[in-house]
There are 2 protein chains.
Amino acid sequence: MPVTIRDVAQAAGVSPMAVSKVLHGRGRNVRVSDESAERIRSIAEKMNYRANDLARSLRTQRTNTIAIVFEEFERLGGNTGYFIELFDGVISAAFERGFSVTVCPKMVNFSRNGVIWDGRFDGLIWCKPEDSPTTVEALANSVIPVAVLHAAFPEDLPVPVMVCDNTQGMDLAVEHLTALGHRRFSFAVDPANAHTDEARDRLFGLKTALQQRGIEFDLMRIHNWGHKGEGFEADWESGKIGTALVVYGEGQAGEILNRARQYGVTIPDQLSVVGFDSTRFCETTTPRLTAVRQPVEDMARLAANLLIDRIEGKTVDHSRHIFPCTLDVRMSTSSCPEASLRP
Amino acid sequence: MPVTIRDVAQAAGVSPMAVSKVLHGRGRNVRVSDESAERIRSIAEKMNYRANDLARSLRTQRTNTIAIVFEEFERLGGNTGYFIELFDGVISAAFERGFSVTVCPKMVNFSRNGVIWDGRFDGLIWCKPEDSPTTVEALANSVIPVAVLHAAFPEDLPVPVMVCDNTQGMDLAVEHLTALGHRRFSFAVDPANAHTDEARDRLFGLKTALQQRGIEFDLMRIHNWGHKGEGFEADWESGKIGTALVVYGEGQAGEILNRARQYGVTIPDQLSVVGFDSTRFCETTTPRLTAVRQPVEDMARLAANLLIDRIEGKTVDHSRHIFPCTLDVRMSTSSCPEASLRP
DNA sequence: TTGTACGCGTTATCAA
DNA sequence: TTGATAACGCGTACAA
């Protein structure tokens with residue numbers, strides 16, 4: 001049914017290569033006369049010829065398509081804006097450079113010896129890979145270029161890695177809160193993230209930032225609550241929670257805001273809350289959530305650009321790109337209620 | 001570099017077809033003994049063989065990938081949540097059925113005689129096509145199945161079409177506003193959308209809803225403002241704007257909220273505003289925007305499912321699916337300031 | 001300019 | 001039953 005290059009060639013009385021040359025500019029040393037070229041073009045148009053990209057890609061080994069692998073996504077809108085920013089960054093870079101972007105469900109796995117490869121993608125962006133020997137080996141043996149977003153683990157990976165500066169981001173949060181008079185800090189994380197390197201980094205950043213300001217951090221104030229904040233009430237009742245609460249992620253932070261309100265705790269009057277990952281989601285919480293912002297879109301754009309550089313053989317980058325965070329101050333933080341009592 | 005099916009065949013001392021049969025179950029009347037099968041499997045594993053999907057797709061004419069075409073998108077996050085919901089709907093349906101989803105930049109055009117087709121997609125979802133003879137012809141002549149989202153124009157298209165019920169949606173808005181005491185209604189639309197069928201439908205819906213309630217609609221109150229609300233001040237000053245303003249889209253509505261505030265007009269006390277397309281964006285405006293919601297995600301999911309049904313040869317659907325709207329009441333609407341004055 | 005082979009998995013046909 | 005061989009899908013590299 002579809003018209004092939006051979007159909008056009010036959011109709012024009014020339015070879016397939018002549019058509020390929022005229023229509024697609026292929027064939028280094030193929031010459032076609034102007035008259036033939038015109039005839040070919042006209043006939044191709046008349047026959048409504050479209051090149052089959054599959055056949056071309058099979059031959060050239062280039063698809064001009066990159067994949068995004070993100071194990072956590074089923075829904076983009078879900079409850080945070082993280083993936084949106086990520087996707088915006090990737091497609092803006094990819095489109096500019098003539099690449100399409102595929103989101104596919106099966107790429108979440110990788111073969112025992114490397115990243116899965118099936119010919120459909122020139123490269124892939126792997127978001128938040130888990131820290132395991134398998135991951136490291138998969139990256140090392142990948143047959144296609146890979147760029148990684150948010151691999152907090154420290155191994156030297158043979159790929160470009162974009163991460164944000166969790167320590168510096170936490171310092172911003174602490175600076176903001178101490179300026180508001182807070183001295184007793186809590187840190188909350190949910191089970192799914194409690195043992196990630198990112199959580200470790202953020203907790204470490206919190207401790208360091210406090211230490212640098214001469215403030216002690218009480219280990220009792222690490223709260224392993226559920227993703228929906230389960231456990232908040234008990235800790236609040238027992239007085240374990242400080243006046244400032246830093247939460248690992250924006251999703252959990254939002255849930256904690258709700259839970260606190262339902263329990264009669266007024267935010268920010270009684271408790272200041274800072275989340276991590278400031279996206280549009282933080283605009284939708286009550287009160288709106290003060291949060292540390294990672295430049296996710298920039299990170300994603302760089303990831304895509306480095307990946308495509310590699311695909312096009314321009315540069316090979318295996319470095320770790322560290323992005324500074326910023327702080328979006330919203331309505332969930334205010335002066336420490338105890339500050340006025342302090343001498 | 002990549003290992004092919006022939007490499008495995010040679011290493012196992014069998015034919016490529018034997019490998020294809022064992023590894024992929026192809027070849028109707030090919031039989032392979034258990035011992036050979038085991039050897040093939042083991043060798044393939046050892047050689048880290050991966051099938052090339054391009055070659056397979058070229059042969060089978062199936063890619064298990066669908067495309068999304070959306071002329072307006074460069075940024076998903078942009079200023080509204082529309083595309084997010086759309087994408088969530090599509091990927092949830094597609095993934096469930098083993099399809100990948102590609103967002104590509106070049107599909108915004110179509111050939112003179114049909115939807116562009118390059119072999120990479122089994123079908124495509126076309127969002128908000130413009131109403132033109134070319135569009136209709138392209139759909140009629142498409143070589144791959146197409147499903148359309150939001151083709152407000154009334155032609156009988158040879159594809160499944162998902163639309164929302166603009167008339168009923170507008171009725172919800174009017175019901176809400178009249179219950180609040182409003183009697184003088186304005187309608188705003190920006191130049192980019194002023195001449196679309198959707199704008200026509202919504203304006204018609206507004207007029208009808210008012211008429212049914214015995215309220216007159218003054219044609220002077222159709223406001224062709226800029227996308228950023230340019231023109232609002234002049235019309236406000238001249239008293240042309242009613243007490244209730246219905247806006248074609250959420251983006252323009254958000255801009256109008258800002259502009260009104262800057263001009264000293266208090267929303268909703270002095271003016272109630274209702275937008276169309278209620279997404280998370282409406283949660284981020286000041287005040288939060290009351291808006292008519294289209295079930296975009298449901299529409300997208302159905303579009304994907306109907307498309308895949310068609311691809312798989314299950315059913316052929318050419319009907320127009322009309323989805324009812326709902327109204328999300330937020331903070332941009334309140335009692336009519338004139339209502340108390342009325343006898 | 002043209003012919004031939006190639007990229008790689010699969011279909012269809014044929015042989016033991 | 002067990003399998004091999006040839007041809008195909010379609011655009012392109014390279015030699016002639």
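Because only heavy atoms are used, hydrogens play no part in the values below, and waters and symmetry mates are left out as well, while side chains stay in. Order of the sequence lines sets the chain letters (A, B, ...), proteins ahead of strands, with each chain counted from 1.
The CD1-P distance, from B:Ile40 to D:dT2, rounds to 12 Å in whole Å. Atoms CG (A:Leu23) and P (D:dC10) sit 16 Å apart, rounded to a whole Å. Distance A:Asp7 CG to D:dG9 C1': 12 Å, rounded to the nearest Å. Atom pair B:Arg62:CZ and C:dT11:P shows a separation of 13 Å (rounding to whole Å applied). Between the P atom of D:dC10 and the CD atom of A:Gln10 lies a distance of 14 Å, rounded to the nearest Å. Protein atom NZ of A:Lys21 is 17 Å distant from nucleotide atom C1' of C:dG3, rounded to whole Å. To the nearest angstrom, C1' of C:dC14 lies 18 Å from CZ of B:Arg28.
By the neighbour-count criterion of 12 heavy atoms within 6.0 Å, atom CD of B:Gln10 is sparsely surrounded, having that number or fewer from other residues, nucleotides or ligands. Around CD of A:Glu312, the count of heavy atoms belonging to other residues, nucleotides or ligands within 6.0 Å exceeds 12.
As judged by a 4.0 angstrom heavy-atom cut-off over every strand, A:Val19 is placed among residues making no nucleic acid contact. Within the nucleic acid shown, B:Ser57 has no heavy atom closer than 4.0 Å to any nucleic acid atom. Residue contacts shown for A:Val30 include a base, since a base heavy atom lies under 4.0 Å away.
With 3.5 Å as the limit, one finds no donor-acceptor pair spanning the side chains of B:Thr65 and B:Arg120.
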Protein within reach of the bases, or only the backbone? For nucleotides 5-10 of chain C, mark each nucleotide 5' to 3' as B, S or -, using heavy atoms under 4.0 Å. BBBBBB
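Salt bridge status for A:Arg62 with A:Asp122: present, with a side-chain N to carboxylate O gap under 4.0 Å.
Applying the salt bridge (charged side-chain N to carboxylate O under 4.0 Å, His left out) rule to B:Glu96 yields no partners; only residues at least two apart in sequence or on another chain are considered.
In this structure a side-chain-to-backbone donor-acceptor pair under 3.5 Å is missing from B:Thr315 to B:Asp317.
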